[in-house]
Amino acid sequence: KQWYQRRVAITAGVVIGGEVLPVYATNDGHMVTLVKEHSALPASSYSVDFYDEAGIAAYKNHVKDSDVAAPTPVHSASVNHPGVSKEGLPIQTEFIVMVASLLVWWGANSIKAKISE
C-alpha cells in the first residue's frame, strides 16, 4: 500500500510482465487494472514499472528493437499475487436458490390443495 500512497509524476503507462497497460487517473490517485485468466496469472511477485509518455515510447522501441537501450522507469513497485482462492460453497448459489424456490412452490401448492378439498 505504501507504493500507492506515494505521489509519483503523472504516468502514461505501466509494464507488468512485459505487457504495457494504461494508467487511469482517479480522485484518489492513479489506478492500473490487469485482467487475465487465472491460469495466465499464477501466484508470484510481479514487478510493476511506471513510465511517463516518453518512457512508454522508449520501452515500445526497446521491445521492437533490442539494440535500443531499455528506459529507466519513473517508479517501480513489487506486487505480491498470492494466487486464486478456491474457498466457498461446493455448489453454485443459483442452484441453492432454485431448490429453495421449488420447495416454497411445492409447500404453497400443497397447502392450496388441502384448502381446496
Side-chain angles (χ1 to χ4, degrees):
K1 192 130 183 164
Q2 183 180 7
W3 66 269
Y4 180 76
Q5 293 172 348
R6 183 176 171 192
R7 294 290 175 199
V8 180
I10 301 240
T11 54
V14 299
V15 176
I16 301 175
E19 184 174 349
V20 178
L21 300 168
V23 175
Y24 302 100
T26 65
N27 292 338
D28 297 327
H30 296 84
M31 177 180 73
V32 176
T33 303
L34 175 64
V35 179
K36 287 190 172 195
E37 292 292 326
H38 294 303
S39 59
L41 196 62
S44 182
S45 181
Y46 292 92
S47 174
V48 181
D49 296 326
F50 293 80
Y51 292 97
D52 57 6
E53 290 181 19
I56 285 291
Y59 179 81
K60 289 179 180 178
N61 286 337
H62 170 71
V63 170
K64 289 179 187 176
D65 183 10
S66 60
D67 293 337
V68 177
T72 303
V74 174
H75 181 69
S76 290
S78 180
V79 177
N80 183 31
H81 175 56
V84 179
S85 173
K86 300 201 182 212
E87 296 177 8
L89 299 173
I91 57 176
Q92 293 183 352
T93 55
E94 293 88 352
F95 179 74
I96 295 171
V97 170
M98 182 186 71
V99 169
S101 299
L102 288 174
L103 288 172
V104 168
W105 174 82
W106 176 75
N109 197 27
S110 298
I111 293 171
K112 180 183 171 188
K114 286 182 183 179
I115 292 174
S116 297
E117 291 177 359

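The line from OH of Tyr59 to OG1 of Thr72 is 13.5 Å long, rounded to the nearest 0.5 Å. Ile16 contributes atom CD1, which lies 9.0 Å from atom OG1 of Thr33 (distance to the nearest 0.5 angstrom).
Cluster membership check: Phe50 shares its hydrophobic cluster with Leu34, using side-chain heavy-atom separations under 4.5 Å among Ile, Leu, Val, Met, Phe, Trp and Tyr. No path of Ile, Leu, Val, Met, Phe, Trp and Tyr side chains, each step under 4.5 Å between heavy atoms, connects Trp105 with Val99, placing them in separate hydrophobic clusters. Leu103 and Phe95 fall within a single hydrophobic cluster, where Ile, Leu, Val, Met, Phe, Trp and Tyr are joined by side-chain heavy atoms under 4.5 Å apart, directly or via other members. Both Ile56 and Val63 are assigned to one and the same hydrophobic cluster, defined by single-linkage of ILVMFWY side chains at heavy-atom distances under 4.5 Å. The hydrophobic cluster containing Val79 also contains Val23, counting ILVMFWY residues as joined when their side-chain heavy atoms lie under 4.5 angstrom apart, directly or transitively.
Annotation for Ala69 and His62: closest pair C-ND1, 3.9 Å, computed over non-hydrogen atoms. Taking all atoms of both residues into account, the shortest heavy-atom contact from Ser44 to Asn80 is O-OD1, 3.5 Å. Residues Ala12 and Glu53 share a closest heavy-atom pair of CB-CG, 3.4 Å. Across all their heavy atoms, Ser76 and Pro73 have their closest contact at OG-CG, 3.4 Å. Between Ser45 and Ser78, the shortest heavy-atom distance links the atoms OG-OG, 2.8 Å. The two atoms that bring Lys60 and Val20 nearest to each other are CE-CG1, 4.2 Å, heavy atoms only.
The only member of Val74, Val48, Asp49 that meets side chain to side chain contact (heavy atoms under 4.5 Å, CB included) when paired with Val14 is Val48.
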